[in-house]
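See below for the structure under consideration.
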2 protein chains.
Amino acid sequence: MTTTADQTAQRRKPLSRNRVLIAAVHLADSDGIEAVTMRRLGTELGVEAMSLYNHVANKNDLLDGVVDLIVDDINTRVALASPPTGSDDWKRAMRDRILAARSVMLDHKWAPSVIETRASLSPAIIGYFDGLLGVFRTGGFSYDLAHHALHALGSRAIGFTQELFEESGSDDTMTSEQLKQMVTSFPNIGEMLEVVSHDGPDDTVGWCDDQTEFIFGLDLLLDGLDRARLAES
Amino acid sequence: MTTTADQTAQRRKPLSRNRVLIAAVHLADSDGIEAVTMRRLGTELGVEAMSLYNHVANKNDLLDGVVDLIVDDINTRVALASPPTGSDDWKRAMRDRILAARSVMLDHKWAPSVIETRASLSPAIIGYFDGLLGVFRTGGFSYDLAHHALHALGSRAIGFTQELFEESGSDDTMTSEQLKQMVTSFPNIGEMLEVVSHDGPDDTVGWCDDQTEFIFGLDLLLDGLDRARLAES
DNA sequence: ACCTGAACACCGTTCAAGT
DNA sequence: ACCTGAACACCGTTCAAGT
């Protein structure tokens with residue numbers, strides 16, 4: 001005689017570390033990273049929360065594994081990018097890699113917040129940075145300057161920036177009263193908002209377009225680094 | 001007849017929102033941000049955790065208030081910095097303000113992680129950014145370019161960067177076996193470590209000196225922005 | 001008006017027990 | 001070898017009760 005529990009057990013594939021990690025990524029994608037609890041992830045896999053401990057050491061290990069999956073994705077996309085052909089091409093190659101990493105981050109908006117909390121680096125991410133370092137070297141950077149360069153890029157090197165302003169600028173529906181208040185309290189920001197709202201939405205580069213701002217900052221840094229490289233040699 | 005409870009009640013000052021917030025900052029400073037729980041903060045103030053809810057709406061409100069205190073500190077230090085005297089002085093003024101903000105962050109190492117989780121901006125932080133915008137304007141930036149500039153600076157504008165590498169480089173005690181492994185797996189990083197360990201500790205700028213790296217990246221951005229300003233006019 | 005104690009709905013994690 | 005259920009030690013938060 002077959003109970004429903006038996007049927008469920010037969011229907012589902014056996015659990016594995018990889019299945020757990022993939023389920024965690026899907027759960028974070030659909031319901032946000034705060035939904036990724038051991039209990040919730042268990043029910044998502046049709047299993048008790050405690051069963052997960054057979055495949056991951058603890059929640060920290062789970063998140064480490066999740067980040068590994070994300071970085072693996074980055075590395076496979078980066079592998080498709082063409083390597084730098086010489087010192088006049090390093091900027092393009094670096095840009096391609098970083099924007100490939102960014103495309104992965106845009107697919108998993110929660111990933112930056114998880115990456116930030118990781119204590120140590122996995123081989124996957126060390127490999128990614130090793131690749132970036134290789135691009136700098138082909139570009140003619142000394143190890144010393146390349147090292148500074150990686151620090152200067154910071155999290156931008158793997159495709160994200162810390163956005164301090166939550167995108168309140170998305171709908172620019174500020175009452176004229178609020179705006180007047182803003183102008184008196186914060187004259188510069190107030191006037192900036194006035195100028196922007198006057199020029200309209202299809203202005204220059206778009207108001208707070210994350211991708212545009214990311215690329216602006218990235219190119220600013222890459223151009224600066226290229227100048228530092230030339231000054232060095 | 002006076003019980004010990006009465007004595008405690010008499011000894012302590014009355015609770016207030018400000019006393020709660022200040023206690024939270026001190027607790028975070030001494031025991032780390034993860035120690036700041038409602039229960040722990042309550043005992044720290046000689047009161048039940050639930051009493052705190054008379055002075056803060058909830059934990060989120062508590063953290064908002066804590067950030068406000070930090071930003072107030074930044075603003076008072078920034079107020080001491082001399083304003084820009086003209087378009088040839090904006091970079092110095094911007095640098096002074098950002099490094100003043102950074103000095104506060106260095107006093108409260110946990111602050112960046114809390115600031116990152118805040119959803120909305122308080123008047124205090126809007127005021128800080130209004131000041132930065134004023135410096136850009138004195139420097140001759142258009143509002144459009146100044147806006148890009150703030151995004152490009154990102155969290156650096158308030159004195160911190162997302163450090164991806166945990167400071168494992170502090171003690172450089174890597175065995176030659178580990179190093180050999182590193183060189184084969186990650187040739188570029190491996191060779192960089194060899195070069196660095198060869199040159200010794202009192203090399204050029206110090207290995208992963210956070211302050212040095214922060215200033216390197218900051219100056220890279222400020223120099224790039226100054227060029228963008230000149231190209232604009 | 002402010003503080004308390006018990007309770008609720010969550011966490012991550014352990015451990016002995018099942019198959 | 002893998003999964004389960006109960007339990008533990010924490011969270012933030014509510015609510016009725018005290019003063």
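Convention: sequence-line order gives letters A, B, ...; per-chain numbering from 1.
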Problem - Any side-chain heavy-atom pair of A/Trp110 and A/Val25 under 4.5 Å - result: yes
Practice task
Provide, to the nearest angstrom, the distance between the CG atom belonging to B/Asn54 and the C1' atom belonging to C/dC2.
Solution key: 5 Å
Practice task
List the steps and the verdict of salt bridge (charged side-chain N to carboxylate O under 4.0 Å, His left out) for A/Arg77 and A/Asp96.
Solution key: CA-CA 10 Å; A/Arg77 293 200 204 181; A/Asp96 285 356; over 6 Å; no
Problem - Cation-pi geometry met for B/Arg102 and B/Phe160 (6.0 Å, 45°) - result: no
Practice task
Determine yes or no for a side-chain-to-main-chain donor-acceptor pair under 3.5 angstrom, with A/Thr76 supplying the side chain and A/Asp73 the backbone.
Solution key: yes
Fill in the blank from the handout: Stem ranges of DNA chain D by first residue number, counting only runs of at least 3 Watson-Crick or G-U pairs under 3.5 Å, come to C:4-8 with D:12-16, C:12-16 with D:4-8
Practice task
Any chance you could list the contact pattern along nucleotides 6-19 of chain C? Use B for base contacts, S for sugar-phosphate-only contacts and - for none, protein heavy atoms under 4.0 Å, 5' to 3'.
Solution key: BB---BBBB-----
Handout entry: Side-chain N,O (B/His55) to OP1/OP2 (C/dC3) below 4.0 Å
Key = yes
Exercise for the section: Spell out, as yes or no, whether a donor-acceptor pair under 3.5 Å connects the side chain of B/Tyr143 to the backbone of B/Leu133. Expected result: no
Practice task
From the options C/dC3, D/dC3, C/dG5, select the nucleotide whose nearest atom is closest to the side chain of B/Leu15.
Solution key: C/dC3
Handout entry: CA sep, side-chain torsions, deciding dist, call: B/Asp219, B/Arg95, salt bridge (charged side-chain N to carboxylate O under 4.0 Å, His left out)
Key = CA-CA 8 Å; B/Asp219 284 341; B/Arg95 228 180 99 113; 2.7 Å; yes
Handout entry: Nearest-0.5 Å distance that lies between atom CG in A/Leu80 and atom CG in A/Asn75
Key = 11.0 Å
Got a list of side-chain donor-acceptor pairs under 3.5 Å for residues 38-46 of chain A, not counting sequence neighbours?
unit_1	atom_1	unit_2	atom_2	d
A/Arg40	NE	A/Glu44	OE1	3.2
A/Arg40	NH2	A/Asp31	OD2	2.8
A/Thr43	OG1	A/Arg40	O	2.8

Problem - Distance test, side-chain N/O of B/Ser51 to OP1/OP2 of C/dC2, below 4.0 Å - result: no
Exercise for the section: Nearest whole angstrom, please: distance from the C1' of D/dC3 to the CZ of A/Arg17. Expected result: 19 Å
